[in-house]
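Because only heavy atoms are used, hydrogens play no part in the values below, and waters and symmetry mates are left out as well, while side chains stay in.
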Amino acid sequence: MSERIIDVAAGLILRPDGQLLLGQRPDGKPWAGWWELPGGKLESGETVLQALTRELREELGIEVTQAVPWVTYVHAYPHTTVRLCFCKVTAWQGEPRGLEDQQLRWVKPAHADQVGDLLPATLPPLRWLQLPDAYGITSIGGRAGLPAFLERLDLALARGLKLVQLREPNWPDGPAATSLRDAMQAVARQCHAAGARLLINSVHPQAWWRHADGVHLRWSDAAALHARPALPEHAWVGVSTHDNAQVMHARNLGADFAVLGPVLETPSHPGAPTLGWQGFVQGTRDAGLPVYALGGQSANTLADAQRHGAHGVAGIRGFF
């Protein structure tokens with residue numbers, strides 16, 4: 001008989017300054033004294049957002065007015081397994097209070113461990129929060145297009161873009177190909193000067209990955225792997241995916257995020273099959289890691305993407 005999984009709605013209550021609310025489990029409960037994200041079990045017939053709204057009302061005395069689903073993550077504790085449906089809560093009425101005798105603390109996610117011991121299942125979402133909600137992908141085309149692209153990149157970085165992928169599969173072969181390394185270095189310098197990260201698509205030499213901030217694996221390359229690529233600790237790994245099975249493979253590799261698409265039609269592929277938003281929702285079912293929506297995406301589709309569980313949006317034209 002398979003072990004019963006307990007479904008839990010957990011809220012990442014985020015203030016405009018980026019600080020996150022944690023609660024300390026009170027005496028008399030399992031893991032007493034450890035810090036966690038507020039939330040609780042789903043009751044019969046409840047949706048995730050309904051359960052979250054009820055739990056935060058009962059635990060904290062607040063009324064949620066804006067929340068979106070984010071990542072569903074299964075975690076096995078020694079005596080139980082929980083399916084955590086993490087949601088981002090960005091607006092509420094009232095001031096959070098510990099109505100169950102729990103201590104509360106606002107923290108910066110990157111320094112959350114300073115409050116004390118954190119429940120193991122709380123650690124992954126704290127790491128995921130470091131991912132920005134926009135992911136720009138280059139399409140320079142060749143050496144002649146580099147100056148104009150660097151101008152567009154500068155504008156995108158000034159607007160707040162913090163994650164870029166160098167992806168140039170059609171860069172000309174022959175002597176001109178050596179200029180791609182120069183382009184990579186120029187893009188990296190510009191990104192780093194603006195506090196942004198640059199990932200290198202796996203179509204490009206593996207030696208370059210360490211000169212940037214990690215790698216973005218094409219699906220064909222990810223499918224051939226059984227473990228996360230060996231990279232420095234700070235490096236990020238992304239994976240291109242097209243369905244739920246591929247998203248699960250990305251999670252099992254230990255990737256930091258996946259990109260799923262195409263969700264909507266794009267000008268470069270008119271009439272091509274797309275997932276649509278319901279297909280995206282199915283593709284990210286129990287994903288266990290953040291997933292960006294790809295295909296017809298821009299800042300204008302971000303809110304819609306997040307309502308359907310996307311971490312953010314990725315694309316070329318919509319960002320450059």
| Could you give the distance from CD1 (Ile200) to CG (Leu217), rounded to the nearest 0.5 Å? | 12.5 Å
| said: Can you confirm whether Leu129 sits close enough to Leu14 that some side-chain heavy atom of one is under 4.5 Å from a side-chain heavy atom of the other? | reply: yes
| query | Do you know the tightest heavy-atom contact between Leu231 and Gly214? | reply | CD1-CA, 4.3 Å
| query | Under the 3.5 angstrom rule, does the side chain of Glu63 hit a backbone N or O of Gly94 as a donor-acceptor pair? | reply | no
| Side chains of Asp304 and Arg307: closer than 4.5 Å at any heavy-atom pair? | yes
| field | Verdict with reasoning, Lys41 to Ile6, per side chain to side chain contact (heavy atoms under 4.5 Å, CB included) | value | CA-CA 7 Å; Lys41 300 176 186 177; Ile6 299 173; 3.8 Å; yes
| query | Is it the case that one hydrophobic cluster holds both Trp35 and Leu104, taking links as side-chain heavy atoms less than 4.5 Å apart, direct or via other members? | reply | no
| task | Classify the side-chain pair Glu36/Thr122 by whether it contains a donor and acceptor separated by less than 3.5 Å. | result | no
| request: Please state whether the rings of Trp31 and Trp34 are parallel, tilted or perpendicular, taking 30° and 60° as the class boundaries. | output: perpendicular
| What residues, two or more places apart in sequence or in another chain, satisfy side-chain contact (heavy atoms from CB on, under 4.5 Å) together with Arg15? | Asp17, Gln19, Trp92, Trp106
| Is a donor on one side and an acceptor on the other found under 3.5 Å between the side chain of Asn244 and the backbone of Arg285? | yes
| query | Does Leu84 share a hydrophobic cluster with Leu118, counting links as ILVMFWY side-chain heavy atoms below 4.5 Å and allowing steps through other members? | reply | yes
| field | Expected output: side-chain Arg210 to main-chain Ala207 donor-acceptor under 3.5 Å | value | no
| remark: Heavy-atom nearest pair, Ala196 first then Leu157, reads CB-CD2, 3.7 Å
| task | Answer yes or no: does atom NE2 of His226 have more than 12 heavy-atom neighbours from other residues, nucleotides or ligands under 6.0 Å? | result | no
| With under 30° as parallel and over 60° as perpendicular, where do the rings of Trp128 and Phe86 fit, or are they tilted in between? | perpendicular
| Do His216 and Val259 have side-chain heavy atoms sitting under 4.5 Å apart? | yes
| remark: d(Phe319 CZ, Arg152 CZ) to nearest 0.5 Å is 14.5 Å
| With distance as the sole test, does Asn201 use its side chain to make a donor-acceptor pair with the main-chain N or O of Leu166 at under 3.5 Å? | no
| message | Side chains of Thr138 and Glu168 only: does a donor on one sit below 3.5 Å from an acceptor on the other? | response | yes
| query | Is the distance between the ring centroids of Tyr77 and His75 less than 6.0 Å? | reply | yes
| message | Within the 4.5 Å heavy-atom criterion, are His311 and Lys88 side-chain neighbours or not? | response | yes
| said: Taking Ile5's backbone N and O only, do any of them form a donor-acceptor pair with Thr81's side chain (distance below 3.5 Å, no angle check)? | reply: no
| request: Could you go through the side chain to side chain contact (heavy atoms under 4.5 Å, CB included) check for Arg83 and Thr72 one step at a time? | output: CA-CA 7 Å; Arg83 182 186 290 111; Thr72 300; 3.5 Å; yes
| message | For Gln206, is the CD atom crowded, meaning more than 12 foreign heavy atoms sit under 6.0 Å from it? | response | no
| message | According to side-chain contact (heavy atoms from CB on, under 4.5 Å), who are the partners of Asp243, at least two apart in sequence or on a separate chain? | response | Ala245, Gln246
| Any side-chain heavy atom of Leu264 within less than 4.5 Å of one from Gln297? | yes
| query | Could you give the distance from CG (Leu119) to CG (Leu22), rounded to the nearest 0.5 Å? | reply | 10.0 Å
| query | Distance from His211 atom NE2 to Gln185 atom CD, nearest 0.5 Å? | reply | 8.0 Å
| query | Where do Leu302 and Gly312 come nearest, in terms of heavy atoms and distance? | reply | CD1-CA, 3.8 Å
| task | Determine, using the 4.5 Å side-chain heavy-atom cutoff (strictly less than), whether Trp277 and Leu294 are members of one ILVMFWY cluster. | result | no
| task | Would you confirm whether Gln190, through its side chain, and Leu150, through its main-chain N or O, come within 3.5 Å as a donor-acceptor pair? | result | yes
| request: Following the transitive rule for hydrophobic clusters with a side-chain heavy-atom cut-off under 4.5 Å over Ile, Leu, Val, Met, Phe, Trp and Tyr, establish whether Val8 and Leu52 coincide in one cluster. | output: no
| request: Flag yes if more than 12 heavy atoms outside Arg167 fall under 6.0 Å of its CZ atom; otherwise flag no. | output: no
| note | Taking every heavy atom of Tyr292 against every heavy atom of Ala314, the minimum-distance pair comes out as CB-CB, 4.2 Å
| query | Can you list the steps and then say if Val164 with Phe320 is a side chain to side chain contact (heavy atoms under 4.5 Å, CB included)? | reply | CA-CA 10 Å; Val164 176; Phe320 301 117; 4.2 Å; yes
| query | ring pair (Phe, Tyr, Trp, His ring centres under 6.0 Å): which pairs involve residues 236-256, sequence neighbours left out? | reply | Trp219-His249
| Sidechain-backbone polar pair: Arg251 side chain, Asp286 backbone, donor-acceptor under 3.5 Å | yes
| request: Calculate, to the nearest 0.5 Å, the distance between atoms CG and CG belonging to Leu60 and Leu21 respectively. | output: 6.0 Å
| task | Take Asp221 and Val215 through the side chain to side chain contact (heavy atoms under 4.5 Å, CB included) test and state the conclusion after the steps. | result | CA-CA 11 Å; Asp221 294 325; Val215 62; over 6 Å; no
| field | Greater than 12 external heavy atoms within 6.0 Å of Glu100's CD | value | yes
| request: Might you point out which heavy atoms bring Pro26 and Gln102 nearest each other, and give the distance in Å? | output: CD-CB, 4.3 Å
| task | Please check if Tyr135 and Ile316 belong to a single hydrophobic cluster, counting links between Ile, Leu, Val, Met, Phe, Trp and Tyr side chain heavy atoms closer than 4.5 Å. | result | yes
| CZ/Arg143 to CG/Asp182 distance, rounded to the nearest 0.5 angstrom? | 8.5 Å
| request: Report yes if some heavy atom in the side chain of Trp171 is under 4.5 Å from a heavy atom in the side chain of Ile140; otherwise report no. | output: yes
| query | Does some side-chain heavy atom of Leu126 sit less than 4.5 Å from a side-chain heavy atom of Leu20? | reply | yes
| query | Quick check: does any side chain N or O of Thr65 sit under 3.5 Å from a backbone N or O of Ala91, one acting as donor and the other as acceptor? | reply | yes
| query | So, do Val313 and Asp133 sit near enough that their side-chain heavy atoms are less than 4.5 Å apart? | reply | no
| Closest heavy-atom pair and its distance - Asp213, Arg197 | OD2-CA, 3.3 Å
